[in-house]
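Here is the structure we will look at, set down as structure tokens.
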Amino acid sequence: MKTVRCEQTAAWSALQAHFDASGRHFDLRRAFAQDAARFATFSQQAPEVFADLSKNLLDARGQALLLELAAQCGVPAWRDAMFAGKAINTTEGRAVLHTALRAPRGAAPFGDEVHGELDAMLAYAEGVRAQAAAGEFSDVVNLGIGGSDLGPAMVVPALDAFAQRGLRLHFVSNVDGHAIASLLRGLDARRTLFIVASKTFTTQETMANAEVARAWFTAQGGRDVALHFVAATSNVPAAAAFGITTTFGFWDWVGGRFSLWSAIGLPIALAIGAANFRQLLAGAHAMDRHFAAAPPAANLPLRLGLLDVWYRNFHGFGSRCIAPYHQGLARLPAYLQQLEMESNGKRVDREGRPLALATSPVLWGEPGTNGQHAFFQMLHQGSEVVPVEFILVRRPAHAHAELHAKLLANALAQSQALMLGKSAEVAAAERVATASPKLDRAVLASHRSFPGNRPSTTLVLDELTPRALGALIALYEHRVFTSGAIWGLDSFDQWGVELGKALCTGLLPRLACGDTAGLDGSTAGLLQRLRPHAR
Ligand code: F6P
């Protein structure tokens, strides 16, 4: 399929004209004052996820033009090609079929293979859970990084309410020995299961940690490596060479950052069990169907992806803040960083032509309300506009209703404050006990005023169930797909991680021997400084 240059479409020109004429000066307060139905018009219920888009800098005309842009850029055709298993990851010549991992039996390409592997993985997980209930296993350590870590590391704490008690899940990703050393100190080798999670089974960090874990296990008197080490990988021979006989596989058409639905999800299955894991898949599948079949104007991933393009390329916003008001979703910002920035952090299109516009924004964030006491100052009064994404859960899984009400009220207040702001006049009329008595009232008022008109999106789940979380994650996947398809880039490769890996391979022996020949001055100087025996 031909890649359309989005900036050369008629819809793009119309969007630019619309932005210049009114979009640039769009005011949320005015928009709500003029349109009592704005919330209804700009909110929608998708599977498991309700989205309020009304506090975004977008009017009906802008929305219509963005939908037109999607049509002119062929987003529906690229989407259909993905679901059909066409090799849309063009630079690696691979299909992109994470949606096949959560489709019911017989409903997607490779269904038999997928369900065979899924059944085996879930049966194994149930076996370990039974052993844990009998006291034979107490701890599971997932050794993996990037997509082989972030998905399970995000989902397991999020679904803590559904987890089997007495089986603790740990995640070691960094090659920093600090991580594994402090974890191993508290483990009992006889009751610990290690999962070596690596699609390639060659990733430096994971292999190094797996070696450390195996050495520790044998040093502790552990004999049966085959019983205490399992692998989630598409490189079965390498896992076997490591001494692992229990391996759950997946395929080259599952990208690392889309792999939590595959054998990489084993830690999730161990924590929440087979039935709940299937619910996670079912929720994602429901969102897949929505993305595949909902009309464009009511297609939430499509609308969100287009909004991202609007903000990045027309408003010029360079980042987006992810603010989950749920402590269990603390790792969601990190998960989404890989999903979006590894997917769309590109500067050439599918055909290798330089892109003429900005692509992936920087994603960042922390759970609310913690973020409020850290960086929300900048969101409210800083010099840059950062769209914020609030993720709220209506009913908590705990019994502290009074805490939950405070949590939700805080989220509402923040999105309201971002939008409404506060004028210097209003600020001047307020008495402030803590203000310096020497300060001029007008000066203080200017410090205490808020520009407002700062955009936010609010996503609401009724409960943080496996099904709802599956739908939420799939929503993000398809949203990233949408903006990537508009920009015409390959959202499924990650060549940008290769150079650093290769240079590291060259530097590692130099660190030991001190050879700096041919290195740039900075690297040579730092290498000398960092050598273990440097003085
Ligand atoms: O960081 C690059 C990357 O290839 C990611 O895309 C991937 O999720 C991660 O490394 C881990 O790779 P593997 O599962 O092969 O160990």
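Fair warning: this is a prediction, and the values are worked out from it, not measured in the lab. Remember, it's 1-based here, ligands and their atoms both numbered in the order they're listed. Reckoned from all heavy atoms, side chains included, excluding hydrogens, waters and symmetry mates.
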- Query: Any idea which protein heavy atom is nearest atom 13 (P) of ligand 1, and the distance to it?
  - Reply: Thr203 OG1, 3.3 Å
- Query: Ser360 and Glu340: side-chain donor and acceptor closer than 3.5 Å?
  - Reply: no
- Message: Check this for me: Arg278, atom CZ, are more than 12 non-hydrogen atoms of other residues, nucleotides or ligands nearer than 6.0 Å?
- Response: yes
- Message: Is there a polar contact between ligand 1 and Thr206, counting only N or O atoms under 3.5 Å apart?
- Response: no
- Query: Hey, are Asn276 and Gln279 close enough side-chain-wise for a donor-acceptor pair under 3.5 Å?
  - Reply: no
- Message: For atom 15 (O) of ligand 1, what is the closest protein heavy atom, and at what distance to 0.1 Å?
- Response: Thr200 OG1, 2.6 Å
- Task: Output yes when the distance from some N or O of ligand 1 to some N or O of Gly147 is under 3.5 Å, and no in every other case.
- Result: yes
- Any chance the side chains of Asn344 and Ser483 put a donor and an acceptor closer than 3.5 Å? yes
- Task: With heavy atoms of Ser198 as the reference, note each atom of ligand 1 found under 4.0 Å away.
- Result: 13 (P), 14 (O), 15 (O), 16 (O)
- Query: So which protein heavy atom does atom 4 (O) of ligand 1 come closest to, and at what separation?
  - Reply: Lys501 NZ, 4.1 Å
- Message: So, applying ring pair (Phe, Tyr, Trp, His ring centres under 6.0 Å) with Phe194, which one of Phe242, Phe229, Phe137 is it?
- Response: Phe229
- Does the cation-pi check pass for Arg5 over Trp487, that is, NZ or CZ under 6.0 Å from the six-membered ring centre and within 45° of its axis? no
- Item | Any protein heavy atom < 4.0 Å from atom 10 (O) of ligand 1 | no
- Task: Enumerate the residue pairs fulfilling side-chain hydrogen bond (donor to acceptor under 3.5 Å, both in side chains) with a member in residues 203-218, sequence neighbours excluded, ordered by first and then second residue.
- Result: Thr200-Thr203, Glu211-Arg214
- Protein residue, atom and distance nearest to atom 6 (O) of ligand 1, heavy-atom basis: Glu342 OE1, 2.9 Å
- Which part of Val497 is near ligand 1, with near meaning a heavy atom under 4.0 Å away: side chain, backbone, both or neither? side chain
- Message: Between Asp288 and His478, do the side chains contain a donor N or O and an acceptor N or O under 3.5 Å apart?
- Response: yes
- Message: Quick check: Arg257 and ligand 1, any N/O pair under 3.5 Å apart?
- Response: no
- Query: Can you list the atoms of ligand 1 that are under 4.0 Å from a heavy atom of Ser148?
  - Reply: 13 (P), 14 (O)
- Hey, does Gln338 sit under 4.0 Å from ligand 1 if you only count heavy atoms? yes
- Item | Aromatic ring proximity, centroids under 6.0 angstrom, Trp78 and Phe481 | no
- Message: At less than 4.0 angstrom from any non-hydrogen atom of Ile145, what atoms of ligand 1 do you find?
- Response: 9 (C), 11 (C)
